[in-house]
Protein chains: 2
Amino acid sequence: MGARHRSNPLALAVLALLYEQPMHPYEMATTMRDRRKEDSIKLNYGSLYSVVQSLEKRALIQARETGRDGRRPERTVYEITAGGGVELLDWLSELVSVPAKDFTDFEAALSLLGCLRPEEAVHLLEERAVRLEQELAQAEALRRHESMAKLDRLFYIEWEYRLALRRTELIFVKDLIRDIGDGSIAGLEHWRAFHADH
Amino acid sequence: MGARHRSNPLALAVLALLYEQPMHPYEMATTMRDRRKEDSIKLNYGSLYSVVQSLEKRALIQARETGRDGRRPERTVYEITAGGGVELLDWLSELVSVPAKDFTDFEAALSLLGCLRPEEAVHLLEERAVRLEQELAQAEALRRHESMAKLDRLFYIEWEYRLALRRTELIFVKDLIRDIGDGSIAGLEHWRAFHADH
DNA sequence: CCCCCCTTACTCGACTTCGAGTATTTCGAG
DNA sequence: CTCGAAATACTCGAAGTCGAGTAAGGGGGG
């Protein structure tokens, strides 16, 4: 399969949209926005057009018609090919069944926490905790909102997943604040020593 | 500050290493490997050299000496500048204090789960659950290993963070399997209907 | 003492990503 | 009916990403 090319999830999203029905690129963008997919899949105008182009070159999608509506700029409508359908299901199956390592910003920051003084670190972690609590409170409010309450759960599983992770993150951050604050974290002396020199 | 340029965490890692002591690029790579930083920060040979170049252009680091050891290829040793130190602390502070949205592969996959048939989805999620359990078991084993037991906790917080997230993910996946399996997930009819047409 | 392979250190160019910029068209207020 | 604002549909080039490729030194087996 085209496993070499499976880096950009936007390509997956394009295949998924065309799996439902043919579309032109701009419509893909608006559809993704309407369905809140931009929250879970990074969407960029510039990327979209080159991703579509690259999918066409690999024969996973093909141009269907290059019609024009009135005197508007030309729209190229694309449809998925048989190969594209196979690639979609194969790729999606892989993403679901094998847990990939993903590099998050906070993980990177934690691994370099030693560059900050302990007190500074605690202070910044407290800020993060506050912001996480706000985010979670907002999410709770949104969930109770009527427009959300009527939506099938299938359409917001990814949202629940993200919330579950955020809740865990909040607990982790609070524990960490406690352990640095009361000096119970192992290695605190080395940490202080490094900053004493600097 | 240079907030426009804060996309690649590898640049942050380079600043952090040079904050400790001057180094040449290849040494950065090996040091990161020795300290297991490659687990939490994506390291690529090609990227490293262009990242270093870009940091130099922005005067956050500077070449110190271009010595050579015997007749080996030239090594350029870099050191951090005053501006580089400021940028490091500022950037790191931001990453710690404000929770950023990160786009993970699994979240993208979940948002497109409708493309798979329900039974297929359950099957693949079960595979993921098994793999997650294996990963967690391996991590537990590693933690009990002597080389790990002696290490200061400060040096593997990022590892604990990742494990906490993975544990939450496992619970989430198991719950999801249950809810799709026993038909209690809202919207299952629409899901089946879509695949009946196809 | 010579050959092969591993490590060291870096280069290269094909490919992607990004977001600001452009040009047209519709819509609504006045 | 006309002017401007928003929406539509796309383009462009600068910058970044990637990993295979290269080339030279060191070291150990025959």
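FYI, side chains are in, hydrogens and waters are out, and symmetry mates aren't considered; it's all heavy atoms of this structure. Letters A, B, ... are given to chains in the order of the sequence lines, protein chains preceding strands, and every chain is numbered from 1.
- Out of C:dT17, D:dG16, D:dA9, the shortest distance to the side chain of A:Tyr49 is found at D:dA9.
- In this structure, A:Phe103 atom CZ and D:dC18 atom C1' are separated by 14 Å, rounded to whole Å.
- In the set D:dA9, C:dT17, C:dT16, C:dT17 carries the atom at the smallest distance from any side-chain atom of A:Ser50.
- If you take CZ of B:Arg6 and P of C:dC18, they are 18 Å apart, rounded to a whole angstrom.
- Across the protein-nucleic acid pair, B:Gln53 atom CD and D:dT17 atom C1' stand 14 Å apart, rounded to whole Å.
- Using a 4.0 Å cut-off between a side-chain N of Lys or Arg and a carboxylate O of Asp or Glu, A:Glu135 and B:Lys101 do not qualify as a salt bridge.
- Following rounding to the nearest Å, A:Glu38 (CD) and C:dG19 (P) show an atom-to-atom distance of 13 Å.
- Without hydrogens or angle criteria, A:Ser184 side chain to A:Ile180 main chain gives no donor-acceptor distance under 3.5 Å.
- Here the side chain of B:Ser47 pairs no donor or acceptor atom with the backbone of B:Leu43 at under 3.5 angstrom.
- Listed candidates were D:dC10, C:dC18, D:dC18. Nearest to the side chain of B:Ser47 is D:dC18.
- In this structure, A:Met28 places its CE atom 16 Å from P of D:dT8, rounding to the nearest Å.
- We find that NZ of B:Lys57 is positioned 12 Å from P of D:dA14, with the value rounded to whole Å.
- Residue B:Met23 contributes atom CE, which lies 15 Å from atom P of C:dT8 at whole-angstrom precision.
- Note: B:Thr76 OG1 to B:Met23 CE = 15.0 Å, rounded to the nearest 0.5 Å.
- Between A:Asn8 and C:dT16, a side-chain N or O to OP1/OP2 separation shorter than 4.0 Å is absent.
- B:Lys42 comes within contact range of the sugar-phosphate backbone alone, with a heavy-atom separation under 4.0 Å but no base atom that close.
- By the 6.0 Å and 45° rule, A:Arg117 does not stack over the aromatic ring of A:Phe194.
- Side-chain proximity of A:Tyr26 to D:dA9, C:dT17, D:dG19: nearest is D:dA9.
- If you measure from atom NE2 of B:His5 to atom P of C:dG19, you get 13 Å, rounded to the nearest angstrom.
- When distances run from any side-chain atom of B:Tyr45 to the nucleotides D:dG16, D:dA20, D:dT8, the shortest one goes to D:dA20.
- Distances shown here put a side-chain N or O of B:Asn44 below 4.0 Å from the OP1 or OP2 atom of D:dC18.
- Nearest to the side chain of A:Arg75, among D:dC18, C:dT17, D:dA9, sits D:dA9.
- Distances from the side chain of B:His24 to the nucleotides C:dT17, C:dC10, D:dG16 place C:dC10 closest.
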